[in-house]
Trainee: 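Got a structure for you, written out below as structure tokens; questions coming shortly.
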Amino acid sequence: MMYKNKITAAIHQTLMVSAFSMAMVPVAWSQAADDEESVALDDVKVTARRVEESIQDIPVAVTSFSREELEDAQAENLDSLKGAVPNMNLVQGRGSATSANIYIRGIGQPDALQTFDPGVGVYVDGVYLSRIQGALMSLHDVERIEVLRGPQGTLYGKNTIGGAVNVVTRRPDGESAGELQLLGGNYGKLSTSMYYKGALSDRTSASISALYRLDNGFVEDQFNGQHYNDRDNTSLRFLLNSQVNDRLSLDFSIDYTDQENALSLGRSESALIALDFADLTTPVILSLPPSGEYDFRGRTSFNNDENQELRHTGASITVNYDINDRWNFKSITAKRDLQSDSFIDIDATEFELGDVFVGVDQDQFSQEFQFLFDNANGFNAVLGAYYLQENVPSHQEAYANDFLLFGGVPLDFLRTIDDDLETTSYALFAQGNWTLTDRWGLTAGIRYSKDDKDYARTTSTFSTAGPFLDGTFAFQDSDSWDSVTPMLSVDYQVSDNSMMYASVSKGFKSGGFNGRANGAADVSSFKPETVWTYEVGGKSQFLDNRLRVNYAMFTSNYEDFQARVAEDISSFPVINAAELDISGAELEVTWLLSASTSVYSSVGYLNSDYKKFFDFRQPDLDRSDDTPPFSPDWTFRIGMNHAMYLNGGAVLRFGVNGNYTDDMYLSVDNQAALTQDDYWLFNAYATYDFANPAWSVSVGGKNLGDEVYKVDAQEFSSVGNIQTAYYGDPRTWYAALNYRF
């Protein structure tokens, strides 16, 4: 009954927002400056299948956001897409200002430990980012973002099991243009950005973009006034395009990101305890669970200006060569380096229970070759090869001086970890698209992937608890995994503006090693994850291309789910614990009511259940009734955009939207304290474009209802009963001055 009441309430709120949106229609109709008879939705182009196509023509579940749509959505970072894509959960990762926790259709990987591969791939101009660290990028120079749902094995460079976020940056095109923006907002927010592109010669053009963003952070220590969860970000990107001759073109890109943030603090949601060796039967309570709603106040045991720093650089060169009228060759060569030094207070209190330092120095080199064929007679294909070499050495320290006692006297505890992971990935892939008749089409693809991994770890423990905790443990391990991942889809053109499709595809995510092994019993490797996804969908446009309706229904068999479980204070095994049955549906609607008003909406339904969930170390414990984390049953979005054409040539544009997320667990272990009830987020913006088109001013706000909601969590119950939740931003607002030339 409670579930039905929740759905009823959600529908009621949805109808209220819809009524508000529709109430704007008469105003929009009377103010429109364009000829209404010629109004139609833009044809959205995407490169989801490695060639430029209309989003309405491809049998793929994909959502695309243009640069203008990202601006209207106040999308500063990648997590600004939260709520904008059905069945996608995208938030800032636990305790980190730079990590992206992405789940699509119930599949993802929230753990930033380097021994885990991402469950959802992030690509920037075709280059795969191997770590979820550094993936929470700023979007100031992005041309569009494409979010592909479901496994994407046969085309994208690295095997992607849950989906892909494809970021396409703004490219120079020979024309001279530029932008400047100055922005300010609450919490001391200050941002300035610039973009310029221009021709260097008849055949060469370049662009440069820069961003500096700073705010004070929305979490405060009420005792010393220190602020946390801030943003201090500098980003630069330089692009060069050269049309060497009529057949050969080169694109060179280099980017740099520098972040220096204070700690990202959450809130401890459980009673924290210490262990006294003099009486192990009676845990020592250090703090009680919090009461009341989170007030964005916090404390930490770090007191020497410990922070979180990241340097992320990359360079790539893309070569396009037209071999002849039918064949094109493409090469993408990329080198990336990520250096991160982060202090994380895992227990989020003044106690030293789960405080860590994580220093990572990651580098990757990738090479991708593609041969694209198009005979202009209903057949095109992509043949490719991919290579990735990644090295991820790290140094970690764990501090827990308040966790262990003897007769009430604290015992010092320090654990240091030095490890190194080397990964070499190879892949061969091919995909062909056939136009069989005027109405029927067929797509088939196959990919072979192989990952070789070598891992070495040394753990040293220093404690006044005595020799039974002191000591050093070291081990090395290596393994390799490979998989063949096919896909097949058939599509049917119902009419000129409507198509349907059905597809089946397999996804694969590599195995790995237990990156938290502190003793011989924990040394293990875990197997790859695989998923088979079966999908039917359709894409249609109605009302003279004013109304766009895209939908998909899917079911997935997800096997060998890689789960970290906690057994005692020193053991954190990673096991292939579960198989899942996942099914759902998605609907996206855009309606251009007039030349100046549009409404849009999306709905995602997800039913994710464990088919089986067993810990082989606890064979009598059946966890099949648990709920998979980060998998809300319902996600919903509705919004509108409207333009008013004023006398003298000025234009006032504004929009509102609301995003609904159903309740969900934030931990694999389904801790009651680490859940989030269903909630709504409401956002709005307004932009005044002066009659002089060079100038505009904008204001906007996010989370206007000041909703307090959790986005991620840390769960180490075996260490002091740590259960820490991280919260989304409270109400924020901004005002910006924009100049374009």
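Just the heavy atoms: all of them, side chains too, but no hydrogens, waters or symmetry mates, feed the values below.
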Trainee: Under a 4.5 Å cut-off applied to non-hydrogen side-chain atoms, are Ile107 and Val120 in contact?
Mentor: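 Ile107 does not reach Val120 side chain to side chain.
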Trainee: Side-chain contact, heavy-atom cut-off 4.5 Å: Tyr709 with Thr661?
Mentor: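 Not in contact.
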Trainee: Nearest 0.5 Å please: distance from the NE2 atom of His642 over to the OG atom of Ser596.
Mentor: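 It is 5.5 Å, given to the nearest 0.5 Å.
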Trainee: Heavy-atom count check: over 12 atoms from other residues, nucleotides or ligands less than 6.0 Å from Asp202 CG?
Mentor: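 Incorrect, the count does not exceed 12.
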Trainee: Looking at Arg203 and Asp246, is any side-chain nitrogen of the basic one under 4.0 Å from a carboxylate oxygen of the acidic one?
Mentor: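 The answer is yes: the pair qualifies as a salt bridge.
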Trainee: Give me the atom names and distance for the closest heavy-atom approach of Ala552 to Tyr501.
Mentor: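 Distance-wise, the nearest heavy atoms are CB-OH, 3.8 Å.
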Trainee: Would you give the length of the straight line joining atom CG of Leu70 to atom CD of Glu143, rounded to the nearest 0.5 angstrom?
Mentor: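 Between Leu70 CG and Glu143 CD, I get 9.5 Å after rounding to 0.5 Å.
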Trainee: Do Asp57 and Met499 make a side-chain contact, defined as non-hydrogen atoms from C-beta onward lying under 4.5 Å apart?
Mentor: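 Heavy-atom side-chain distance check fails, nothing below 4.5 Å.
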Trainee: For the residue pair Arg740 and Ser696, what are the closest heavy atoms and their distance?
Mentor: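 Minimum heavy-atom contact is NH1-OG, 3.5 Å.
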Trainee: Are the side chain of Ser601 and the backbone of Arg637 linked by a donor-acceptor contact shorter than 3.5 Å?
Mentor: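 Yes: the side chain of Ser601 pairs with the backbone of Arg637.
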Trainee: State, yes or no, whether a side-chain contact exists between Ser540 and Phe542 at a heavy-atom distance under 4.5 Å.
Mentor: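 Result yes, sub-4.5 Å side-chain heavy-atom pair found.
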Trainee: Apply side-chain contact (heavy atoms from CB on, under 4.5 Å) to the pair Asn641 and Tyr600, showing each step before the final yes or no.
Mentor: CA-CA 9 Å; Asn641 294 308; Tyr600 54 89; 3.6 Å; yes
Trainee: Between Asp125 and Thr169 (side chain of the first, backbone of the second, donor and acceptor by atom type, cut-off under 3.5 Å), is there such a pair?
Mentor: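 Yes.
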Trainee: Taking the six-membered ring for Trp and the single ring otherwise, decide whether the centroids of Phe682 and Trp680 are under 6.0 Å apart.
Mentor: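 Yes: the rings meet the under 6.0 Å criterion.
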Trainee: Determine the minimum heavy-atom distance between Ser631 and Gly106, stating which atoms define it.
Mentor: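 Looking at all heavy atoms of both residues, the shortest contact is OG-CA, 3.5 Å.
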Trainee: Donor-acceptor pair, distance only, cut-off 3.5 Å: does the side chain of Asn328 make one with the backbone of Tyr321?
Mentor: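 Between the backbone of Tyr321 and the side chain of Asn328 there is a qualifying donor-acceptor contact (under 3.5 Å).
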Trainee: Examine the side chains of Asn657 and Tyr685 and answer whether a donor and an acceptor come within less than 3.5 Å of each other.
Mentor: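 Result is no, nothing qualifies.
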Trainee: Between Arg67, Arg237, Arg170, which is the residue that forms a side chain to side chain donor-acceptor pair (under 3.5 Å) with Asp141?
Mentor: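 Among Arg67, Arg237, Arg170, the one that satisfies the side chain to side chain donor-acceptor pair (under 3.5 Å) with Asp141 is Arg237.
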Trainee: State whether a side-chain donor-acceptor pair under 3.5 Å links Glu179 with Gln181.
Mentor: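 No, no side-chain donor-acceptor pair sits under 3.5 Å.
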Trainee: Short question: side chain of Lys197, backbone of Arg171 - any donor-acceptor pair under 3.5 Å?
Mentor: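 No, because the side chain of Lys197 does not come within donor-acceptor range (under 3.5 Å) of the backbone of Arg171.
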Trainee: Please tell me whether Asn703 and Glu707 have a donor and an acceptor in their side chains that are separated by less than 3.5 angstrom.
Mentor: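 Judged by distance alone, the side chains do not pair up.
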Trainee: Would Glu71 and Arg653 pass as an ion pair if we require N to O under 4.0 Å?
Mentor: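 Answer for the salt bridge query: no.
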Trainee: Would the distance check show the side chain of Asn77 and the main-chain N or O of Asp79 forming a donor-acceptor pair, the cut-off being under 3.5 Å?
Mentor: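 No; judged by distance alone, with no hydrogens or angles, the pair does not exist.
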Trainee: Checking Asn377 side chain against Asn375 main chain: does a donor-acceptor pair fall under 3.5 Å?
Mentor: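 Checked: pair present.
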Trainee: How far does OG1 of Thr485 sit from NZ of Lys506, to the nearest 0.5 angstrom?
Mentor: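 Output value for this atom pair is 7.0 Å.
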Trainee: Quiz question: by atom type and distance under 3.5 Å, do the side chains of Ser503 and Ser489 form a donor-acceptor pair?
Mentor: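 Ser489 and Ser503 do not have a side-chain donor-acceptor pair below 3.5 Å.
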Trainee: Atom CZ in Phe741, atom CG in Leu180: separation rounded to 0.5 Å?
Mentor: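 Going from the CZ atom of Phe741 to the CG atom of Leu180 covers 5.0 Å.
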Trainee: Is the side chain of Ser556 donor-acceptor paired with the backbone N or O of Tyr558 at a distance under 3.5 Å, no angle test?
Mentor: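 Not a single qualifying donor-acceptor pair exists.
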Trainee: In the structure I gave you, are the side-chain heavy atoms of Tyr128 and Pro118 within less than 4.5 Å of one another anywhere?
Mentor: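 Tyr128 vs Pro118: side chains touch.
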Trainee: Within this structure, what is the CG-CZ distance for the pair Leu593 and Arg546, rounded to the nearest 0.5 Å?
Mentor: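 The CG atom of Leu593 sits 8.5 Å away from the CZ atom of Arg546.
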Trainee: First locate atom CG of Leu442, then atom OG1 of Thr437, and finally report the distance between them rounded to the nearest 0.5 Å.
Mentor: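 Between atom CG of Leu442 and atom OG1 of Thr437 there are 11.0 Å.
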Trainee: Do Trp695 and Leu737 have side-chain heavy atoms sitting under 4.5 Å apart?
Mentor: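 A side-chain contact exists here, since the closest heavy-atom pair is under 4.5 Å.
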Trainee: Take Tyr734 and Lys702 through the test side-chain contact (heavy atoms from CB on, under 4.5 Å) and record every step on the way to the result.
Mentor: CA-CA 9 Å; Tyr734 77 93; Lys702 302 178 74 173; over 6 Å; no
Trainee: Is the backbone of Ser249 close enough, under 3.5 Å, to the side chain of Asn320 for a donor and an acceptor to pair up by distance?
Mentor: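 No; zero donor-acceptor contacts below 3.5 Å.
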Trainee: When you look at CG of Asp544, are more than 12 heavy atoms from neighbouring residues, nucleotides or ligands closer to it than 6.0 Å?
Mentor: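 No, the 6.0 Å shell around CG holds no more than 12 heavy atoms from other groups.
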Trainee: Decide whether Thr160 and Tyr123 meet the rule of one side-chain donor and one side-chain acceptor closer than 3.5 Å.
Mentor: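 The criterion, which ignores hydrogens and geometry beyond distance, is satisfied for Tyr123 and Thr160.
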Trainee: Minimum heavy-atom separation for Val124 and Met137, please, with both atom names.
Mentor: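 What the structure gives for the nearest pair is CG2-CE, 3.5 Å.
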Trainee: Count the heavy atoms belonging to other residues, nucleotides or ligands that lie under 6.0 Å from CG of Asp325, then report whether that count exceeds 12.
Mentor: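 No.
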Trainee: Compute the centroid of each ring, for Phe371 and then for Phe373, and state whether the two points are separated by less than 6.0 Å.
Mentor: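 No, too far apart.
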Trainee: Can you confirm whether Met194 is buried at CE, in the sense that more than 12 heavy atoms of other residues, nucleotides or ligands lie under 6.0 Å from that atom?
Mentor: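 Enclosed: over 12 neighbouring heavy atoms sit under 6.0 Å from CE of Met194.
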Trainee: Do Trp440 and Val490 have side chains that approach each other closer than 4.5 Å (heavy atoms only, starting at C-beta)?
Mentor: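 Yes, close enough: below the 4.5 Å cut-off.
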Trainee: Checking side-chain hydrogen bond (donor to acceptor under 3.5 Å, both in side chains) for the pair Gln56/Asn550: CA distance, chi angles, key distance, verdict?
Mentor: CA-CA 8 Å; Gln56 295 303 109; Asn550 295 344; 2.9 Å; yes
Trainee: Does Asp42 reach the main-chain N or O of Val44 with its side chain, forming a donor-acceptor pair under 3.5 Å?
Mentor: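 No, because the side chain of Asp42 does not come within donor-acceptor range (under 3.5 Å) of the backbone of Val44.
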Trainee: Picking from Arg149, Glu586, Glu146, what satisfies side chain to side chain donor-acceptor pair (under 3.5 Å) with Thr63?
Mentor: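 It is Arg149; the other options fail the test.
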Trainee: Quick one: which of Tyr551, Trp634, Phe636 gives a ring-ring contact (aromatic ring centres under 6.0 Å, His included) with Tyr605?
Mentor: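 The option that passes is Trp634.
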Trainee: Using the side-chain contact (heavy atoms from CB on, under 4.5 Å) rule, take Tyr534 and Phe554 through it: C-alpha gap first, then chi angles, then the decisive distance, then the call.
Mentor: CA-CA 5 Å; Tyr534 307 87; Phe554 62 90; over 6 Å; no
Trainee: Measure across Trp532 and Pro486 and return the closest heavy-atom pair with its distance rounded to 0.1 Å.
Mentor: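 Shortest heavy-atom contact: CH2-CG, 3.7 Å.
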Trainee: So, for Ala164 and Ile104, which heavy atoms are closest and what is the spacing to 0.1 Å?
Mentor: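 The answer is N-CD1, 4.3 Å.
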Trainee: Can Leu90 and Val147 be said to form a side-chain contact (heavy atoms from CB on, under 4.5 Å), step by step?
Mentor: CA-CA 11 Å; Leu90 199 171; Val147 179; over 6 Å; no
Trainee: Is the side chain of Gln74 donor-acceptor paired with the backbone N or O of Gly701 at a distance under 3.5 Å, no angle test?
Mentor: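 Yes: the side chain of Gln74 pairs with the backbone of Gly701.
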